[in-house]
Amino acid sequence: MDRLSPSEARQLQEQLAGRVVLRPLPAVFSVLGAADLSYIKETNQLIAVIVTFSWPTLQPLESVHVKSAIRFPYVPGLLSFREIPAMLKAYAQLRRPPDIFLCDGQGLAHPRRFGLACHLGILLEKPTVGCAKTRLCGNHEPLEAERGARQPLWLDGTQVGYVYRSKTGVKPLYISPGHLADCNSALWLVERCLGRYRLPEPLRAAHHTATRLRKTMMAT
DNA sequence: GCGACAG
DNA sequence: ATCTTGTCGC
């Protein structure tokens, strides 16, 4: 999965998309993981952070991070090829592997039905859920402004996820199953992870850690 | 050809 | 993603 051309990457996505399994998330599990990245412009590197939490209490368990050289440019639709190498490196540092992963990006809500969350799920063979801050593709009916409002996200006549207003008056979240999950349980998981803010707490924690590390490392 | 386009 | 201050609205 290293030095692919964009067209080869798209071809690989179409192939791997056939392996994605859609089904409800496990009813019982004990560790939830969340991953996020920050970018170090000066060295053209990525910092990958994975934070794990006990479920369902969401108490922090451990946090790992790695620096990784960028091997693939950012291309809309091919984000996973840029981020996954760093995420796998961080994953190897974990003492206790998560049962389920929350990802900062799309899952099924992708032109070839193979967003970042699907890719990570297939490689780790674990349930994953995608939670993106903005839309990549798909259409939906108008969303009410109140917290909790939701609309199915459609792509070519099939539902690929939900557009979900996590807080009143904020921009919605784009939630879609990655692997070993489905639209409804993906939304359920995100709802269960919400705290006071727009983003689910695990992703906020991973994002804050990644951002803080970037600034810390710039001074090194 | 034109607009859209996760992080 | 990152570059960036004040400011409008819950």
Side-chain angles (χ1 to χ4, degrees), chain A residues 6-7 9-10 13 16-17 20 34-50 65-88 90 101-121 128-140 144-149 153-156 160-179 186 190 194-200 202-204 206-219:
Chain A
S7 67
R10 291 185 191 94
Q13 288 181 324
L16 294 179
V20 171
D36 189 45
L37 303 185
S38 64
Y39 174 57
I40 308 178
K41 183 180 180 181
E42 290 72 13
T43 58
N44 197 40
Q45 287 179 311
L46 293 175
I47 298 176
V49 172
I50 296 179
H65 62 88
V66 299
K67 275 190 302 185
S68 180
I70 295 180
R71 305 172 189 177
F72 199 94
Y74 170 70
V75 178
L78 300 179
L79 175 66
S80 64
F81 293 91
R82 174 189 176 88
E83 300 201 339
I84 278 192
M87 291 175 70
L88 293 180
F101 256 101
L102 231 196
C103 302
D104 183 13
Q106 317 288 351
L108 252 199
H110 177 279
R112 288 164 294 283
R113 311 295 206 279
F114 199 70
L116 173 65
C118 300
H119 203 153
L120 185 66
T128 54
V129 167
C131 179
K133 298 181 292 299
T134 62
R135 189 191 72 99
L136 173 60
C137 63
N139 305 291
H140 63 87
E144 300 302 315
E146 292 71 35
R147 162 163 56 92
L153 182 60
W154 303 95
L155 189 57
D156 297 322
V160 291
Y162 280 104
V163 182
Y164 177 71
R165 190 94 65 189
S166 56
K167 296 293 167 186
T168 296
V170 304
K171 293 171 56 58
L173 262 21
Y174 295 78
I175 300 163
S176 59
H179 182 44
V190 171
L194 287 178
R196 177 178 176 182
Y197 304 95
R198 177 193 178 219
L199 297 180
L203 281 183
R204 287 190 74 234
H207 184 270
H208 284 159
T209 300
T211 301
R212 186 175 56 72
L213 283 172
R214 178 178 60 78
K215 295 178 180 175
T216 295
M217 303 177 94
M218 286 176 73

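By convention in this document, chain letters (A, B, ...) are assigned in the order of the sequence lines, proteins followed by strands, and residues within each chain are numbered from 1. Any value given below was found using the heavy atoms of this structure, including those in side chains, with hydrogens, waters and symmetry copies removed.
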* Specify the separation, in whole Å, of atom CG of L79(A) and atom P of dT2(C). => 13 Å
* Asked: So, is H207(A) near the phosphate of dA1(C), with a side-chain N or O under 4.0 Å from OP1 or OP2?
  -> yes
* Asked: Is there a donor-acceptor contact under 3.5 Å from the side chain of E146(A) to the main chain of R165(A)?
  -> no
* **Donor-acceptor pair, side chain of R71(A) and main chain of P85(A), under 3.5 angstrom** => no
* To do: Report the distance from atom NZ of K215(A) to atom P of dC3(C), rounded to the nearest whole Å.
  => 8 Å
* Side-chain (R135(A)) to main-chain (G138(A)) donor-acceptor, under 3.5 angstrom -> yes
* **Short side-chain N/O contact from Y74(A) to OP1 or OP2 of dA6(B), under 4.0 Å** => yes
* Structure fact -> Closest of dA4(B), dA6(B), dA1(C) to the Y39(A) side chain is dA1(C)
* Using atom NE2 of H110(A) as one end and atom C1' of dG7(B) as the other, report the distance to the nearest whole Å. => 12 Å
* With a 4.5 Å limit on heavy-atom distance, are the side chains of H110(A) and Q13(A) in contact? -> yes
* Has K67(A) got more than 12 heavy atoms of other residues, nucleotides or ligands less than 6.0 Å from its NZ? -> no
* To do: Would you indicate which nucleotide in dA6(B), dT2(C), dG7(B) comes nearest to any side-chain atom of R214(A)?
  => dT2(C)
* Under 4.0 Å: is that the gap between some side-chain N or O of T134(A) and OP1 or OP2 of dC5(B)? -> no
* **D104(A), nearest nucleotide to its side chain (from dA6(B), dC3(C), dG7(B))** => dG7(B)
* Using atom CG of L155(A) as one end and atom C1' of dA4(B) as the other, report the distance to the nearest whole Å. => 13 Å
* Give the C-alpha distance, both sets of side-chain angles, the deciding distance and a yes or no for salt bridge (Lys or Arg N to Asp or Glu O under 4.0 Å) between D104(A) and K133(A). => CA-CA 8 Å; D104(A) 183 13; K133(A) 298 181 292 299; 3.0 Å; yes
* To do: Could you run through DNA chain C and flag its stems, i.e. three or more consecutive Watson-Crick or G-U pairs with both distances under 3.5 Å?
  => none
* Mind telling me whether H119(A) and F114(A) have parallel, tilted or perpendicular rings, with 30° and 60° as the class edges? => tilted
* Using a cut-off of less than 4.0 Å, is there contact between a side-chain N or O of K133(A) and OP1 or OP2 of dA6(B)? -> no
* Are R135(A) and dA4(B) close enough that a side-chain N or O sits under 4.0 Å from OP1 or OP2? -> no
* Is a donor on one side and an acceptor on the other found under 3.5 Å between the side chain of S68(A) and the backbone of L46(A)? -> no
* Asked: If you check the S38(A) side chain, which of dC5(B), dT2(C), dG7(B) turns out closest?
  -> dT2(C)
* Between atom CD1 in I84(A) and atom P in dA1(C), what is the gap in whole Å? -> 18 Å
* Mind checking G77(A) for me? I need base, sugar-phosphate or nothing, with any heavy atom below 4.0 Å counting as a touch. => base
* Asked: Heavy-atom distance under 4.5 Å between the side chains of P200(A) and L173(A), does that happen here?
  -> yes
* Would R10(A) count as a cation-pi partner of F81(A), with NZ or CZ less than 6.0 Å from the six-membered ring centre and within 45° of the ring normal? -> no
* Structure fact -> From CZ of F72(A) across to P of dA1(C) the rounded distance in Å is 19 Å
* Structure fact -> To the nearest angstrom, the CG-P distance between L116(A) and dA1(C) comes to 13 Å
* Is I70(A) touching bases, backbone alone, or none of the nucleic acid, heavy atoms closer than 4.0 Å? -> nothing
* Structure fact -> Y174(A) atom OH is separated from dG7(B) atom P, nearest whole Å, by 10 Å
* Is G169(A) touching bases, backbone alone, or none of the nucleic acid, heavy atoms closer than 4.0 Å? -> nothing
So which protein N/O to nucleotides 7-10 of chain C N/O distances come out below 3.5 Å?
none

